Amino acid sequence: MKQKQSPYLDLRQIPLNSLHAFEAAGRHCHMRQAAQEMFVSHSALSRHIKLLEARLGTQLFERKNNKLRLTAPGSRLLSSIQIAFAELNKGLHMLDPTLVAGEIVIGTTATIMLNWLLPVLANVQRQFPEISFKLKTLEPHQKSLPPDLDIALCLGLPEDPSRTITKLYNEYYVPVCHPALLKGQAIKTVKELLAYPLLHDGLAQWFKWFNHHKLDGQSAAQHTYFEYAYQAIEAARLGMGIALADTVEVADDIKQGKLMLAVDSDHNEGQSVYLATHEEKNMNYRTQLVLRGVLENLAQKGARLEKNFNLLTL
């Protein structure tokens, strides 16, 4: 027997004016104030809400002690409508080229830029071709920032009183290599890593990592040294050895099979990534769009974000 479709599921049969009227009344919990906000009469607003209640077959408001209150279904509906209206409002803003078009100046380390930020920016530009980018390379632990940056993603805490600086996430390191190096089978213990070539970057993370595991990293079979982490990660992709990389920076490589976890172990060595921006009230809309893309991508990659960023809901 075919299940009857719920009347709540067909938005096309619900007048938009009734939803607007309900949202205003639910937000104020006062019919007269809601009617004044919508520039309609009290009776017209009441008719809209009665029509909506009749269509849904559910009471949305109740009067108690001469006060208007939402019922439980009414409260749930109000929350859903407000989220939907906010999303619709975002879409309308995106149609305005004066809000989106223009240049954004972004500064970050070469490793962040090459390993995960560029694909994010490419995706943003496909959606909003009106946005152009100017990218600047920051050194790890660089204290001062160029004055023209709209967004900075910094490894290590910068010093810039003119910007809002927020810790994004701590880096968590994992040993990675080309699958062919280990014949596709991860090794069982951290100590076994010492039998393979190790690929180092300028921050000397390997030795700290082995110290955490109470092992002497200097005793590894072979060492190759690079100045930057992105170089060591690229060498790992080419099968030259095992690199120690942040989980965010190699998430796509592992998913695509270009790299694999050499051993199932990670450890935070204290490196942190910070976001530096102008105050939110002074941030233009295109910068907000890019930040939302960055934060959503980090969440998808499993970054252990430090807090629930408001920018995720811009």
Side-chain angles (χ1 to χ4, degrees), residues 108-120 140 153 155-156 167-274 294-308:
T108 193
T109 66
T111 299
I112 288 176
M113 188 182 299
L114 292 172
N115 281 312
W116 67 263
L117 182 60
L118 280 180
V120 176
L153 296 165
L155 183 65
K167 188 176 183 180
L168 266 180
Y169 62 94
N170 286 327
E171 291 194 327
Y172 282 80
Y173 300 104
V174 288
V176 294
C177 64
H178 191 282
L181 187 69
L182 299 180
K183 298 180 181 179
Q185 296 294 319
I187 57 181
K188 295 181 180 179
T189 67
V190 170
K191 187 175 181 179
E192 292 177 70
L193 290 172
L194 298 172
Y196 296 89
L198 300 183
L199 307 173
H200 299 262
D201 61 46
L203 295 176
Q205 300 295 345
W206 265 125
F207 298 123
K208 300 174 187 176
W209 194 84
F210 276 115
N211 284 340
H212 171 75
H213 291 282
K214 298 179 173 55
L215 292 168
D216 178 16
Q218 295 283 2
S219 64
Q222 182 182 345
H223 301 274
T224 303
Y225 294 89
F226 298 91
E227 193 170 1
Y228 296 105
Y230 76 88
Q231 297 167 325
I233 294 171
E234 180 61 23
R237 294 185 186 112
L238 296 173
M240 293 178 63
I242 302 176
L244 196 61
D246 173 40
T247 54
V248 171
E249 293 167 356
V250 294
D252 288 341
D253 285 292
I254 292 173
K255 185 177 180 180
Q256 296 165 11
K258 297 178 182 178
L259 293 172
M260 63 172 285
L261 294 178
V263 65
D264 187 14
S265 177
D266 69 358
H267 175 59
N268 174 28
E269 290 291 348
Q271 302 293 332
S272 300
V273 176
Y274 291 84
V294 166
L295 295 172
E296 288 176 348
N297 186 267
L298 283 172
Q300 291 168 5
K301 282 182 165 58
R304 308 177 200 195
L305 293 173
E306 193 70 11
K307 58 179 286 189
N308 183 24

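Note that this is a predicted model, so its numbers are computed, not measured.
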Taking side chain as C-beta onward, heavy atoms only, is I254 less than 4.5 Å from T247? no
So, D201 side chain and E227 main chain: donor-acceptor pair closer than 3.5 Å or not? no
When you measure from the side chain of H178 to the backbone of A180, do you find a donor-acceptor pair of N or O atoms at a distance under 3.5 Å? yes
What one should report as the nearest heavy-atom pair of L181 and G239 is CD1-O, 4.1 Å
Determine the minimum heavy-atom distance between K301 and W116, stating which atoms define it. CE-CB, 3.7 Å
Can you check side chain to side chain contact (heavy atoms under 4.5 Å, CB included) on Y228 and L114, steps first, answer last? CA-CA 11 Å; Y228 296 105; L114 292 172; over 6 Å; no
Enumerate the salt bridge (Lys or Arg N to Asp or Glu O under 4.0 Å) contacts for residues 184-193, please, sequence neighbours excluded, ordered by first and then second residue. none
Salt bridge between D252 and K258, side-chain N to carboxylate O under 4.0 Å? no
Would you mind reporting whether M260 and C177 have side-chain heavy atoms less than 4.5 Å apart? yes
Flag the pair Q271 / K208 as yes when at least one side-chain heavy-atom distance between them is below 4.5 Å, and no otherwise. yes
Got E171 and V273 here, is their nearest side-chain heavy-atom distance under 4.5 Å? yes
Taken to the nearest 0.5 Å, the spacing of L199 CG from M240 CE works out to 6.5 Å
Enclosure of Q256 CD (heavy-atom neighbours >12, cutoff 6.0 Å): yes
Gap between atom NE2 of H200 and atom CD1 of I242 - 0.5 Å precision: 11.0 Å
Rounded to the nearest 0.5 Å, what separates atom OH in Y173 from atom CG in D246? 6.5 Å
Below 4.5 Å, heavy atoms only, C-beta onward: do N115 and V250 meet side chain to side chain? no
How long is the gap from CG on D253 to CD1 on I233, to the nearest 0.5 Å? 7.5 Å
Would you name the heavy atoms of A235 and F226 that are closest together and state the gap between them? CB-CZ, 3.5 Å
Testing the basics here: between G217 and F210, what is the closest heavy-atom pair and its distance to 0.1 Å? CA-CD1, 3.6 Å
State, yes or no, whether a side-chain contact exists between D216 and L194 at a heavy-atom distance under 4.5 Å. no
Closest non-hydrogen atoms of W206 and P175, given as atom of the first, atom of the second and distance, are CH2-CB, 3.8 Å
Hey, could you give me the CG/OH distance between L153 and Y169, rounded to the nearest 0.5 Å? 7.5 Å
Is the closest side-chain heavy-atom distance between S265 and H213 below 4.5 Å? yes
Between the OG1 atom in T109 and the CD atom in E249, the distance rounded to the nearest 0.5 Å is 6.5 Å
Test item: F207 and L198 side chains (from C-beta on) under 4.5 Å apart, heavy atoms: no
